[in-house]
> 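First the structure, then my questions, so here it is.
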Amino acid sequence: MEKRTGIKEIFSAPVNQTYTVMGWVRTFRNNMFIALNDGSTMDNLQVVIDGEKTDADIIRRITSGASIKATGQLIESQGKGQTVELLAETVEILGECDPETYPIQLKNRPSLEYLREIAHLRFRTNAFSAIFRVRHALAYGIHKFFNDRGFYYIHSPIITGSDAEGAGDMFQVTTLDIKNPPLDENGNINYKEDFFGKHTNLTVSGQLEAELAALALSKVYTFGPTFRAENSNTTRHLAEFWMIEPEVAFADLDDNMDLAEDMLKYLIKYVLDTCPEDIAYLEKRLLEEEKNKPQAERSEMSLTQKLHFCIEQPFERLTYTEAIDILKNSTPNKKGKFQFPIEGWGADLQSEHERYLVEKHFKKPVILTNYPKEIKAFYMRLDEDGRTVRAMDVLFPGIGEIIGGSQREERYDVLLQRMQEMNIPVDEMSWFLDTRKYGSVPHAGYGLGFERLVLFVTGMTNIRDVIPFPRFPGSAEF
RNA sequence: GCCCCCUUAGCUCAGUCGGUUAGAGCGACGGACUGUUAAUCCGCAGGUCUCAGGUUCAAGUCCUGAAGGGGGCGCCA
């Protein structure tokens, strides 16, 4: 195909030279001005048509959504509103777009819910192209952050033979005929005849594999798709999502919290530095959306203010036990405003409690640590008091839990006992226990929900809008 | 898995106590327009009121069920 200059590139290209651009028409004004977008950046290039040089049939076919190629001189703009514009010598229609049937009329301000139902076309909107550019920047920033700090990227398996990851319900992977599966002598499905010769699932976490790697490479992280077959119907859950799981040897819970806080601040700053136009657009969009809400429900801070606030403030770190004290004595608890009143130590915190701590009490990100062992996973390191474990949850305003992690139990005997207490099948996990048998070291790690981070940074409120094609109960469209 | 709400034109939404012929803005379409910025101006068309039953002299409006969508809770990242 003929060489083209990308629209992002052309804004900093020398003027008074000839360029060819290709893209999709956003609007066509006055039979003369095309706002052209190729997704490389938020901004549209103004392509100016000469009515005398351009065939009337071509002009008729320049409609919103059509793809075109235009060649001409880049000049300083003769009008206000943009610095440069392309004076088209030739315009070619690459793909027509019938306005009668094209589902996206940008001037109509289609709702997010409507666009979600036409997710194959929603990339064409300002909001979604901005979201996915920011999503990319965050993904790249994650690799950069870890690479710059000496971490190695580990590809943990997507298909797992382990049923014991303990992070949630799993999707089964099989090539057996589900109408007529082979049976063993007891009448159960005989997985020895399945593709892998055993029962397999899609991964719910790469953590255990990351631990194995960290106990040799010292600093590793995973970044891959994760699958949970839970019937979760919320604005913060997906059945298929992406998770980042760093794991660090010779590290304790404090090191883990430092890493998590540094990473989140780095990533927010990275997006502010690399995607200022996208963030500015998303901020404006949010502001307009909130105009329709009652005053009390509007955000106290703009998107940019909120992101800067997060970078500049140290996250509040406190133990579960301290959090319970605060909650027990809080006004909503005393006035019976909590749906689940805080009665004492030991109860799991509900999202209303987390939200109170983050949004009302501290008004900034909070890291809660040292939870009761009964409400946390078997692999978390037991504290000296024997009642709590070295867990940490990073809680963000509006999002809730964005990171969950812990210092891991590195002592063989203690880990074995915890597994037995929690009915983890020890024989199937011998490979995991081996790392504690041979040269075990203190180590720690966490899981970051990638889409929850994208939600926070873009100011969106539904997780289904920050992944291109969301998978959730009852839906795997596109 | 539990609870609540919504579904009216292509989109966003009004539609009063059940009462005659179903309303607006935007978009689309036709026209005008060589400096527009969600262009503007003039004109015009567009409806299985989500679907299936029911109540009623009469249903967009009330009842039951289904489908689709949204929100809250739980599980978590």
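Protein chains get the first letters and strands the later ones, always in sequence-line order, with residue 1 at the start of each. The structure displayed is predicted, hence computed values, not measured ones. In what follows, every heavy atom counts, from backbone to side chain, and hydrogens, waters and symmetry copies are set aside.
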> By nearest heavy atom, map A:Ile403 and A:Gly474 onto RNA chain B; which one lands nearer the 5' end?
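Its nearest nucleotide being more 5', the pick is A:Gly474.
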
> Show your working on side-chain contact (heavy atoms from CB on, under 4.5 Å) between A:Asn370 and A:Thr321 and close with a plain yes or no.
CA-CA 8 Å; A:Asn370 305 86; A:Thr321 305; over 6 Å; no

> Nearest whole Å is fine: how far is B:A38 P from A:Asn44 CG?
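Rounding to the nearest Å, CG of A:Asn44 and P of B:A38 are 11 Å apart.
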
> Between A:Gln339 and B:C73, does any side-chain N or O lie under 4.0 Å from OP1 or OP2?
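False: A:Gln339 side-chain N/O out of range (4.0 Å or more) of B:C73 OP1/OP2.
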
> Quick check against the 3.5 Å criterion: does A:Glu85 have a side-chain atom that pairs as donor or acceptor with the backbone of A:Gln78?
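Pair found, side chain donor or acceptor close to backbone of A:Gln78.
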
> Check side chain to side chain donor-acceptor pair (under 3.5 Å) between A:Gln207 and all other residues, then give those that pass, not counting sequence neighbours.
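With neighbours one apart ignored, the set is A:Glu211, A:Tyr379.
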
> My validator wants the stems of RNA chain B: runs of 3 or more consecutive Watson-Crick or G-U pairs, both distances under 3.5 Å, written as range with range.
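Expected stems, ordered by start: B:1-7 with B:67-73, B:10-13 with B:23-26, B:29-32 with B:40-43, B:50-54 with B:62-66.
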
> For A:Arg29 and B:U34, is the shortest distance between a side-chain N/O and OP1 or OP2 below 4.0 Å?
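Answer is no, no contact under 4.0 Å.
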
> Looking at A:Phe241, A:Tyr221, A:Phe223, which one forms a ring-ring contact (aromatic ring centres under 6.0 Å, His included) with A:Phe450?
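Answer to the ring-ring contact (aromatic ring centres under 6.0 Å, His included) test with A:Phe450 among A:Phe241, A:Tyr221, A:Phe223: A:Phe223.
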
> Which residues satisfy the side chain to side chain donor-acceptor pair (under 3.5 Å) test with A:Thr71, sequence neighbours excluded?
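So A:Thr71 forms a side chain to side chain donor-acceptor pair (under 3.5 Å) with A:Thr20.
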
> Please state how far atom CG in A:Asp169 lies from atom P in B:A77, giving the value in whole angstrom units.
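For the pair A:Asp169 CG and B:A77 P, the rounded distance is 13 Å.
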
> Please confirm whether the shortest side-chain N or O distance from A:Ser351 to OP1 or OP2 of B:C73 is below 4.0 Å.
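Yes, such a contact exists.
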
> OP1 or OP2 of B:C76 versus the side-chain N and O atoms of A:Arg452: is any pair under 4.0 Å?
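False: A:Arg452 side-chain N/O out of range (4.0 Å or more) of B:C76 OP1/OP2.
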
> When you check the phosphate oxygens OP1 and OP2 of B:G71, does a side-chain N or O of A:Asn462 lie under 4.0 Å from one of them?
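Yes, within the criterion.
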
> Considering only heavy atoms from C-beta outward, does the side chain of A:Gln73 approach that of A:Asn16 to under 4.5 Å?
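When only atoms from C-beta onward are counted, A:Asn16 and A:Gln73 do touch, with a gap below 4.5 Å.
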
> May I ask you to verify if any side-chain N or O of A:Asn30 is less than 4.0 angstrom from the OP1 or OP2 atom of B:U36?
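No, because none of the side-chain N or O atoms of A:Asn30 sits under 4.0 Å from OP1 or OP2 of B:U36.
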
> Report yes if at least one side-chain N or O of A:Arg285 is closer than 4.0 Å to OP1 or OP2 of B:A38; otherwise report no.
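No, because none of the side-chain N or O atoms of A:Arg285 sits under 4.0 Å from OP1 or OP2 of B:A38.
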
> Are the ring of A:Phe33 and the base ring of B:G35 both nearer than 5.5 Å at their centres and tilted by less than 30°?
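No.
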
> If only side-chain N and O atoms of A:Thr226 are considered, is one of them under 4.0 Å from the OP1 or OP2 phosphate oxygen of B:A77?
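For B:A77, OP1/OP2 do not have a side-chain N/O of A:Thr226 under 4.0 Å.
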
> Has A:Ser232 got a side-chain N or O lying under 4.0 Å from the OP1 or OP2 atom of B:C76?
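Answer no for this pair, as no side-chain N or O of A:Ser232 is under 4.0 Å from OP1 or OP2.
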
